[in-house]
2 protein chains.
Amino acid sequence: MGTKRMNGKRQDFSLTVDMVIFTVVDDTLNVLLVKRKYEPFAGIWALPGGFVEEDETPREAAERELLEEAGLSASYLEQLYTFGEPRRDPRGRVVSVAHFALVPASQLKIRAGDDAADARLFPVHNLPKLAFDHKDIIAYAVTRVGNKIQYTNVVWSLLPPAFTLSDIQAIYESIWGKKVDKRNFRKKLLSLGLLKPLSRERTGLRQRPAKLYAFKTKQFVELRRFF
Amino acid sequence: MGTKRMNGKRQDFSLTVDMVIFTVVDDTLNVLLVKRKYEPFAGIWALPGGFVEEDETPREAAERELLEEAGLSASYLEQLYTFGEPRRDPRGRVVSVAHFALVPASQLKIRAGDDAADARLFPVHNLPKLAFDHKDIIAYAVTRVGNKIQYTNVVWSLLPPAFTLSDIQAIYESIWGKKVDKRNFRKKLLSLGLLKPLSRERTGLRQRPAKLYAFKTKQFVELRRFF
DNA sequence: AGCGATTAGTGTACTTGATACACTATAGCA
DNA sequence: TGCTATAGTGTATCAAGTACACTAATCGCT
């Protein structure tokens with residue numbers, strides 16, 4: 001590995017991004033993991049990620065990884081935290097700018113990259129043994145998402161383009177881990193004025209058809225309090 | 001500068017921390033800036049900061065810089081964001097893990113470091129021309145603090161060990177930029193049960209003496225809503 | 001000693017938002 | 001046609017936020 005000197009300080013760092021890609025499947029929050037093909041931690045599950053290239057910002061690297069591993073570009077993406085424990089990677093000093101993304105399960109196209117033997121979703125509360133400090137990174141991301149949905153509507157990016165009010169409610173219930181009252185939920189949600197009803201309904205299930213909705217705008221809003 | 005290769009990716013990065021050190025003086029939120037002694041941006045004001053050493057985490061580097069520049073160790077410190085635009089530093093690829101700190105003005109011991117010609121506080125809404133992307137970093141930090149005080153009590157770390165209720169109120173008013181009702185403010189503040197009254201009062205001013213308070217605990221709490 | 005200036009300290013009524021709660025409606029399938 | 005599953009809807013209560021004005025204590029000055 002190379003070495004650099006600047007103002008007398010020795011610098012010998014690599015910079016990576018690690019991606020915590022969340023989606024909701026069967027009313028459960030899941031994370032995308034890849035099984036590592038090479039050492040260190042060969043055969044162990046890890047977050048998708050990779051090195052930041054010479055001419056990239058960390059965010060661009062994150063978007064590239066998201067496209068490579070999950071097959072999509074449009075979703076909520078946010079820088080999470082930079083993990084820089086000196087010994088977090090046995091190969092040397094590797095600093096990772098962790099990001100998290102929220103994507104609709106319907107748009108996920110999971111692909112195992114070149115350096116991965118496998119890739120699949122795991123429920124956040126039932127994770128396998130993880131490489132590096134990726135357990136810490138996921139725990140931090142889960143906490144951040146849990147806080148974020150308290151005061152923003154970012155979690156809506158987990159939804160497909162058309163959805164029912166019950167779909168949204170199921171997402172909140174799965175992340176919060178508790179049931180909420182249907183009438184109160186709808187009252188609050190509709191009072192925000194951010195949804196528009198579509199003329200279509202979801203049929204084909206043996207039950208009353210549900211009205212479909214879409215977002216008036218894709219912008220995210222900060223709310224003083226959500227629920 | 002050196003170069004490193006890992007998995008075929010060329011890596012040639014330096015890692016720094018930049019510190020946004022906030023304090024409140026005369027009911028105004030201020031930031032500590034240093035005047036650069038050397039190129040690039042010699043003579044221009046900049047955030048204090050420096051390189052992350054080989055055996056340090058970014059947080060440890062931030063604590064070290066805080067001690068070197070502001071003369072204190074105990075205060076609120078949080079990682080803000082990692083800035084990694086490829087051309088943000090004309091010397092080469094320098095990635096900065098920005099942190100922000102909240103410190104009581106009474107404990108600030110401003111020292112111009114070796115590489116600084118001067119160091120002083122500036123009101124956040126009256127900043128000089130700044131080096132690098134430090135204007136962006138400060139703007140982001142101000143936004144973060146503004147949001148943070150909505151749902152946590154971290155801003156209390158701007159206060160000295162003993163303070164009056166009016167002191168706290170002045171800090172909130174200075175950050176929010178608006179007056180709040182004294183009775184409502186006190187009602188809410190005391191109902192949190194996080195303060196303990198001291199037996200002392202603040203006298204010597206030509207006015208009614210004010211009761212002094214201290215924190216029962218130095219822990220920070222998340223509140224659903226603060227004011 | 002008294003007065004003026006300055007900030008400290010205190011309670012209630014109203015408004016707004018959150019919560020608790022149960023029944024009817026519709027489609028698919030047997 | 002009736003069984004099952006989920007959609008859809010309103011009201012009453014409770015908790016919290018907001019609006020609002022006067023008296024109290026000390027210091028310094030005359």
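Only heavy atoms go into these numbers, but all of them, side chains included; no hydrogens, no water, no symmetry mates. Chain letters run A, B, ... following the sequence lines, proteins first, then strands; residues in each count from 1.
Atom NZ in K179(A) sits roughly 17 Å away from atom P in dC21(C) (whole-Å rounding). Atom CG in L189(A) sits roughly 12 Å away from atom P in dG8(D) (whole-Å rounding). Here dC21(C) presents its C1' atom at 16 Å from CZ of R186(A), a figure rounded to the nearest Å. Rounded to whole Å, the distance from CZ on F185(A) to P on dT19(C) is 13 Å. Rounded to whole angstrom, the span from the CD1 atom of I168(B) across to the C1' atom of dG9(C) amounts to 15 Å. Atom CZ in F163(B) sits about 14 Å away from atom P in dA8(C), given to the nearest Å. Rounded to whole Å, atom P of dT7(C) lies 11 Å from atom CG of D27(B). Atom NZ in K188(B) sits roughly 12 Å away from atom C1' in dT18(D) (whole-Å rounding).
Taking the side-chain contact (heavy atoms from CB on, under 4.5 Å) definition, one finds that R59(B) meets it with T57(B), E63(B), L77(B), sequence neighbours left out. For S157(A), the side-chain contact (heavy atoms from CB on, under 4.5 Å) test picks out Y76(A), L102(A), F220(A), with sequence neighbours left out.
Inter-residue side-chain proximity for L67(A) and L72(A) is flagged as unmet; no heavy-atom pair is nearer than 4.5 Å. In this structure, V155(B) and L158(B) have side chains that are in contact, with non-hydrogen atoms separated by less than 4.5 Å. Counting heavy atoms from C-beta on, the side chains of V180(B) and Y172(B) never come closer than 4.5 Å. Inter-residue side-chain proximity for T152(A) and V221(A) is flagged as unmet; no heavy-atom pair is nearer than 4.5 Å.
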Which atom pairs, donor and acceptor, lie under 3.5 Å between side-chain atoms of residues 195-215 of chain A and protein residues at least two apart or in another chain?
residue, atom, partner, partner atom, Å
R202(A), NH1, D167(A), OD1, 3.2
R202(A), NH1, D167(A), OD2, 3.3
R202(A), NH2, D167(A), OD2, 2.8

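Judged purely by distance below 3.5 Å, without hydrogens or angles, the side chains of D18(A) and S96(A) pair a donor atom with an acceptor atom.
Each end of the helix from dA1(C)-dT30(D) to dA30(C)-dT1(D) yields a helix axis from five base pairs, and these two axes differ in direction by 0° (to the nearest 10 degrees).
One N or O donor and one acceptor, one from the side chain of K182(A) and one from the base of dG8(D), sit under 3.5 Å apart.
Counting any heavy atom pair closer than 4.0 Å across all strands shown, T203(B) reaches no nucleic acid atom. Nucleic acid contact class of L165(A) (heavy atoms, under 4.0 Å, all strands): none.
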Listing time: all N or O pairs from protein to nucleotides 3-6 of chain C that are below 3.5 Å?
none

Pairwise N/O distances under 3.5 Å, protein to nucleotides 11-16 of chain C:
residue, atom, partner, partner atom, Å
dT12(C), O4, K187(B), NZ, 3.0

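For R120(B) and F122(B), the positive end sits near the middle of the six-membered ring, less than 6.0 Å away and at most 45° from its axis.
Dashed line: the shortest gap from a side-chain N or O of S166(B) to OP1 or OP2 of dT7(C) is not under 4.0 Å.
Looking at D181(B), its side chain does come within 3.5 Å of a backbone N or O of N184(B) through a donor-acceptor pair.
Other residues, nucleotides and ligands contribute more than 12 heavy atoms inside 6.0 Å of the NZ atom of K37(A).
Tested against L130(A), the residues I137(A), I44(A), L33(A) include a single side chain to side chain contact (heavy atoms under 4.5 Å, CB included) partner, L33(A).
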